[in-house]
Amino acid sequence: MAGAKQGGLEDFEKLTGQWYGVSQTEVPDTTVRVAFSPDDRLLVHEQTLPEGRRLVVRESETGEIKRTVDPGTGWSGFRLEQGGQLVLETGEGDRRWEDGGWSEPAPGRPRPSARPGRHECREGRPRGSWRSPDGRFEVRVKDGDLMLGERGAKEDRLLAADDNQGVFRDPPLWAPDGSRFAIWKTHDVPERQVHYIDSAPDGQLQPKHFTQDYPKPGDEIDTRAPWVFFTDGREPVAPDFSLIENPFECRALAWRQDSRRLTYEFIQRGFGKHRVIEVDSEAGRQRVLVGEESGTFVFVYGNSFRHDLDDGREILWMSERDGWKHLYLLDGRDGSVKRKLTDGGWIVREVVEVDEEKREVLLKVSGREPDQDPYFIHFARVSIDTGEMVALTSSNGTHDRFERSPGGSYYTCRWSRVDHAPVTELHRWSDGARVAVLAEADDSKLRATGWPLPEPFVAKDREGKFDIWGIILRPPDFDPAKKYPVVENIYAGPQDSFVPKAWQPWIAPMHEVAVHGFILVKIDGRGTANRCREFHHFCYKNLKDAGFPDRIAWIRAAAEKEPAMDLARVGIFGGSAGGQSALGALLFHGDFYRAAVADCGCHDNRMDKIWWNEQWMDWPVGPEYAENSNVTHAANLQGALMLTVGELDTNVDPSSTYQVIDALIAADKDFDFLPMTGRNHGSGETRYGQRRRVDFFQRHLGGPQAPVR
């Protein structure tokens with residue numbers, strides 16, 4: 001049996017490092033840099049050829065290679081200047097390709113200051129000023145009172161006296177004409193504090209104590225709402241609290257250009273409502289302009305997107321209202337749907353860029369390509385005016401490194417899978433057609449070592465309704481004639497999906513276990529994100545499910561394909577929400593899982609951070625919190641358990657782990673516990689924690705075994 005000796009970090013490091021080195025065998029052209037000429041006519045890219053690393057100049061329209069250039073030296077970058085002049089950027093300076101050779105180094109061009117990339121999302125709240133746009137007025141807060149000063153006036157004017165009901169402390173947001181301003185009034189409450197003891201601090205003998213503010217589900221929280229004040233002495237416009245009952249957050253304050261209308265967003269406590277509120281400050285009217293509501297939850301911090309067009313006459317809005325995450329064009333006058341821009345049994349993953357001038361939107365989408373993994377990321381663009389969509393990628397893999405030419409006529413992108421090395425392509429923007437394959441990463445040397453790449457696998461869920469996707473990771477010295485213990489690396493948090501899709505020969509922390517004689521699996525079961533609403537919202541008030549029946553069905557189906565998987569020896573590990581699930585495997589499915597390592601788990605959702613848990617478990621705190629708690633069900637423990645936690649975990653209150661321990665002791669259950677001094681969240685992924693995890697699984701699951709004859 002391959003593996004580290006129990007208690008031997010040196011042996012663990014040696015074996016892990018040996019196989020890591022094999023996994024990092026050179027795979028040329030995994031990442032390929034590309035540069036276009038300013039007129040889009042030509043492009044240059046890196047490529048590894050049998051004779052070495054080269055620069056390849058191509059015609060953009062056809063992909064035809066115009067010349068291949070030997071740099072003759074290393075480079076930090078390269079570019080094509082006007083007229084197709086190839087410039088190599090080196091540490092000694094720029095060198096130009098002239099008459100079949102390189103010029104002498106010369107000082108490089110000035111580098112542009114850092115700015116957002118072409119397709120980088122630009123987000124941010126409008127920034128107010130304490131002074132009005134014309135400098136005539138200035139807002140001040142004095143002893144809790146909101147004051148307005150005017151140029152030439154001897155005294156400030158009192159706008160709002162301190163009423164002990166809230167404070168004005170954020171900068172005001174002035175209307176464009178300077179006649180009025182909006183400002184948040186915040187109601188502060190004392191926040192819960194979590195206490196920490198650093199038992200063995202560096203540089204001193206005695207422990208250290210510190211605290212941090214840490215609101216938990218059900219706690220009273222700070223709230224805020226906007227007020228509008230006028231410079232001409234009119235009565236202010238107070239918030240209409242009936243439109244924003246039980247707020248979790250109010251945000252994104254913005255004026256329209258008429259200096260009359262103001263908008264902001266409201267997120268309800270429990271995440272059942274997400275609204276855009278419009279305030280007509282002249283008439284004093286307030287209304288819900290756009291409303292998103294759900295009987296389960298609106299995943300505001302993951303699925304929402306809003307972009308106002310033409311001063312709010314139209315609004316781009318993301319919604320799951322039809323069961324799939326899609327982009328809508330709304331009428332900014334009343335919030336009604338003008339056009340559904342995307343539609344079908346697939347989802348928009350992200351709005352990458354909105355081109356207001358050309359009236360089109362660049363998107364990342366998933367699930368639109370038939371017969372492909374529905375989690376693969378593809379790029380597409382959609383017309384705001386017609387809803388016509390152009391698929392910009394279609395290759396059977398997940399896509400990244402999307403870069404458009406300066407003139408916008410072409411773009412390059414890269415695709416890969418966990419079992420397919422990256423391919424870099426050139427496409428035409430007008431119709432998304434592929435012009436040429438620029439480079440294909442060559443993994444022949446890696447394959448020659450015998451390194452087993454991860455294998456994607458799909459099987460039906462508990463009811464045979466949904467496809468469940470995952471990967472199988474075999475140990476590098478895999479012998480198909482033997483039987484191997486199976487270990488699942490779980491993270492079932494509803495905020496995302498987690499099975500790797502892109503090229504990644506070494507997948508941490510799975511390989512740190514696999515190389516010691518285990519078959520590893522990772523699965524996205526029901527309740528995780530990036531599928532349809534029904535698939536995702538299965539998690540609502542139901543975190544203990546964690547998709548386990550789907551996972552077990554998947555593992556059983558995988559074992560039919562791979563007989564080396566020994567389903568009598570199945571283990572599981574995870575951290576944070578994955579730690580909660582890992583322990584849950586032994587509490588709720590101890591007839592299938594035999595051993596679990598749970599690191600820094602949020603074992604009771606009342607003990608963890610407020611937003612993450614109220615998002616899925618709702619508010620007010622109901623009996624579902626206790627029903628989903630590992631503490632409540634600790635007496636059901638079957639199998640071997642190891643708990644780990646960092647004493648300084650500022651992400652998940654360490655007491656969550658200690659309360660599970662208390663319940664396990666009360667139930668007279670045996671378990672291992674590894675407290676990590678001086679460590680924060682994820683301490684189980686330190687090398688020592690990883691070694692102890694492997695030792696634990698070897699002790700309780702064993703290693704590769706020859707079948708009994």
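No hydrogens, no waters, no symmetry mates; every other heavy atom, side chains included, goes into these values. Everything quoted here is computed from the prediction, not taken from an experiment.
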*Could you pull out all residues at least two apart from Tyr688 that satisfy ring-ring contact (aromatic ring centres under 6.0 Å, His included)?*
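Expected list: none.
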*For Gly689 and Met676, which heavy atoms make the closest approach, and how far apart are they?*
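What the structure gives for the nearest pair is N-CE, 4.3 Å.
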_Hydrogens and angles aside, do Thr31 and Arg414 bring a side-chain donor and acceptor to less than 3.5 Å of each other?_
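The answer is yes; a qualifying pair exists.
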_Side-chain H-bond candidate by donor/acceptor type, His681 with Ser576, under 3.5 Å_ =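 Note: His681 and Ser576 side chains meet the donor-acceptor criterion.
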Check ion pair [X]-[Y] (N to O, under 4.0 angstrom):
X      : Y      : value
Lys561 : Glu455 : yes
Arg417 : Asp373 : no
Asp695 : Arg692 : no
Glu320 : Lys325 : no
Arg41  : Glu59  : no
Arg551 : Glu488 : yes
Glu104 : Arg95  : no
Arg96  : Glu81  : yes

*Apply side-chain hydrogen bond (donor to acceptor under 3.5 Å, both in side chains) to the pair Asp40 and Ser60, showing each step before the final yes or no.*
CA-CA 7 Å; Asp40 279 11; Ser60 300; over 6 Å; no
Cation-pi check, [X] to [Y]: give yes when NZ or CZ is under 6.0 Å from the six-membered ring centre and within 45° of the ring axis, no otherwise.
X      : Y      : answer
Arg474 : Phe478 : yes
Arg404 : Trp429 : yes
Arg693 : Phe573 : yes

_Do Val351 and Val361 have side chains that approach each other closer than 4.5 Å (heavy atoms only, starting at C-beta)?_
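Side-chain contact under 4.5 Å: yes.
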_Check against salt bridge (Lys or Arg N to Asp or Glu O under 4.0 Å), Arg53 and Asp29_ = CA-CA 10 Å; Arg53 197 80 167 144; Asp29 294 331; 2.6 Å; yes
Does the separation of the ring centres of [X] and [Y] fall below 6.0 angstrom?
X      : Y      : answer
Phe379 : Tyr411 : no
His516 : Phe697 : no
His378 : Trp415 : no
Trp102 : Trp97  : yes

_Whether Trp451 and Trp19 hold their rings parallel, tilted or perpendicular, with breakpoints at 30° and 60°_ =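 Tilted.
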*Could you label the plane-to-plane angle of the His307 and Phe305 rings as parallel, tilted or perpendicular, counting under 30° as parallel and over 60° as perpendicular?*
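Answer is parallel, since the angle falls under 30°.
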*Counting distance only, does the side-chain N/O of Ser683 pair as donor-acceptor with the main-chain N or O of Arg679 below 3.5 Å?*
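Side chain of Ser683 to backbone of Arg679: no pair is present.
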_Whether Asn680 side chain and Thr650 backbone form a donor-acceptor pair below 3.5 Å_ =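 Indeed, once roles are kept as given, a pair shorter than 3.5 Å links the two residues.
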*CA sep, side-chain torsions, deciding dist, call: Glu46, Trp75, side-chain hydrogen bond (donor to acceptor under 3.5 Å, both in side chains)*: CA-CA 11 Å; Glu46 304 164 303; Trp75 64 83; 3.1 Å; yes
